[in-house]
Amino acid sequence: MSHDDRDLRSALAAELLAMAEADHGAAAHANADDPAEQLRWRRITAEHGDRLNEIMDEVGWPTADLVGEEAARAAWLIAQHADRQLDVQRRALRLLEAAVGAGRASARELAFLRDRTLVNEGREQIYGTQIAGVRGDGSPVPWPCAEPERVDELRTGAGIEPFDAYVARFRPSAS
């Protein structure tokens with residue numbers, strides 16, 4: 001790898017990490033009471049989705065061997081949150097799927113992105129990773145699943161904890 005390639009990959013990793021940091025900072029406002037804060041969240045995720053699309057033009061899916069583990073996870077987060085850019089999510093899903101097939105990316109992240117994309121298309125999810133809302137007792141309610149009786153089996157195959165353990169993390173602790 002040439003010095004220029006290393007510099008480009010390093011710059012790309014830094015950019016992806018900065019976008020993920022901005023995402024984390026704005027995510028709390030995604031469902032804020034203040035519409036201006038919601039717009040800020042939407043603007044950030046749209047800008048990041050646009051940039052991720054450009055990155056995919058340049059390098060394909062930014063895998064860990066290309067940009068490092070943290071930056072690859074940042075790319076996945078950006079794709080997850082590109083909810084109003086279904087074309088970007090679908091493209092990221094295809095490229096991530098190929099990277100997982102080649103052993104260069106995480107099946108867990110692919111499962112989350114697949115469910116997110118399916119829900120954004122108005123379809124049933126597979127792994128039960130996407131939460132539609134919260135009951136009065138604080139327990140999360142997943143979007144409908146295509147095969148609810150197989151969710152834990154499918155989750156295990158993708159390296160995701162069982163559904164009950166996953167949703168328990170969202171429940172308020174009884175004190």
Side-chain angles (χ1 to χ4, degrees), residues 16-53 61 69-97 100 105-175:
L16 287 165
L17 291 170
M19 287 192 295
E21 188 175 324
D23 182 287
H24 284 301
H29 305 288
N31 299 309
D33 291 334
D34 181 357
E37 289 298 323
Q38 289 184 32
L39 280 179
R40 178 175 172 264
W41 164 253
R42 288 179 180 214
R43 183 178 59 253
I44 287 169
T45 57
E47 289 170 358
H48 292 170
D50 289 346
R51 179 60 185 129
L52 180 61
N53 207 32
W61 185 253
E69 224 29 80
E70 251 187 291
R73 184 158 175 80
W76 166 80
L77 179 72
I78 293 160
Q80 274 290 99
H81 290 168
D83 291 318
R84 287 162 204 84
Q85 296 166 292
L86 203 43
D87 58 326
V88 173
Q89 276 190 336
R90 287 175 176 145
R91 183 177 186 203
L93 183 63
R94 283 191 309 272
L95 292 173
L96 183 55
E97 191 170 42
V100 168
S106 160
R108 183 179 195 280
E109 290 175 357
L110 177 62
F112 274 82
L113 185 57
R114 176 166 285 127
D115 274 359
R116 186 76 164 233
T117 304
L118 286 168
V119 167
N120 285 334
E121 292 172 338
R123 296 166 50 197
E124 294 177 328
Q125 60 179 329
I126 296 169
Y127 303 95
T129 64
Q130 302 303 299
I131 303 301
V134 180
R135 290 187 181 97
D137 67 357
S139 60
V141 179
W143 287 98
C145 295
E147 298 180 84
E149 70 285 352
R150 292 190 61 221
V151 163
D152 281 339
E153 171 192 342
L154 295 166
R155 289 171 72 90
T156 298
I160 305 170
E161 72 246 91
F163 183 76
D164 287 343
Y166 176 67
V167 297
R169 292 189 288 141
F170 295 97
R171 288 191 184 111
S173 59
S175 31

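None of these values were measured; they are calculated from a predicted model.
Within 6.0 Å of CG in N31 there are 12 or fewer heavy atoms belonging to other residues, nucleotides or ligands. In D87, the CG atom is crowded: over 12 heavy atoms of neighbouring residues, nucleotides or ligands sit closer than 6.0 Å. Taking a 6.0 Å sphere around CD of E21, one finds it holds 12 or fewer heavy atoms contributed by other residues, nucleotides or ligands.
The shortest distance between side-chain heavy atoms of R155 and T129 falls below 4.5 Å. For the pair F163/P142, a side-chain contact is recorded, criterion being any heavy-atom separation below 4.5 Å from C-beta on.
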* Report the C-alpha separation of V100 and E97 in whole Å, then their side-chain angles, then the decisive distance to 0.1 Å, and conclude whether the side chain to side chain contact (heavy atoms under 4.5 Å, CB included) test is met. => CA-CA 5 Å; V100 168; E97 191 170 42; 5.8 Å; no

* Report the C-alpha distance between E153 and E147 in whole Å, list the side-chain angles of each, state the deciding distance to 0.1 Å, and finish with yes or no for side chain to side chain contact (heavy atoms under 4.5 Å, CB included). => CA-CA 10 Å; E153 171 192 342; E147 298 180 84; over 6 Å; no

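In this structure, CG on L154 lies 9.0 Å from CD on E149, to the nearest 0.5 angstrom. Once rounded to the nearest 0.5 Å, the distance linking CG of L77 with CD of E70 reads 12.0 Å. Within the model, atoms CG of L113 and CZ of R90 stand 12.0 Å from one another, a figure rounded to the nearest 0.5 Å.
At distances below 3.5 Å, at least one donor-acceptor pair connects side-chain atoms of Q125 with backbone N or O atoms of Q130. Side-chain atoms of Q85 come within 3.5 Å of backbone atoms of A46 as a donor-acceptor pair (strictly under, hydrogens ignored). For the pair D23 (side chain) and I44 (backbone), a donor-acceptor distance under 3.5 Å is absent. At least one donor-acceptor pair under 3.5 Å links the side chain of R91 to the backbone N or O of N53. Using modelled atom types, one side-chain atom of T45 and one backbone atom of W41 make a donor-acceptor pair closer than 3.5 Å. Judged by distance alone, the side chain of R108 and the main-chain N or O of I160 form no donor-acceptor pair under 3.5 Å.
Of all heavy-atom pairs spanning A75 and L52, the tightest one is O-CD2, 3.7 Å. Residues G49 and A82 come closest through the heavy atom pair CA-CB, 4.4 Å. Of all heavy-atom pairs between I131 and G133, the closest is CG2-O, 3.3 Å. Closest of all the heavy-atom pairs between A71 and L16 is O-CD1, 3.7 Å. Across every non-hydrogen atom of D115 and I126, the tightest pair is OD1-N, 2.7 Å. Contact between A79 and W61 at its shortest, heavy atoms only, is CB-CH2, 4.2 Å.
Ion pairing of R116 with E109 is absent here, as no side-chain N (NZ or NE/NH1/NH2) approaches a carboxylate O to less than 4.0 Å.
For H48, there are no ring-ring contact (aromatic ring centres under 6.0 Å, His included) partners two or more places apart in sequence or in a different chain. Judged as a ring-ring contact (aromatic ring centres under 6.0 Å, His included), and not counting sequence neighbours, F112 has no contacts.
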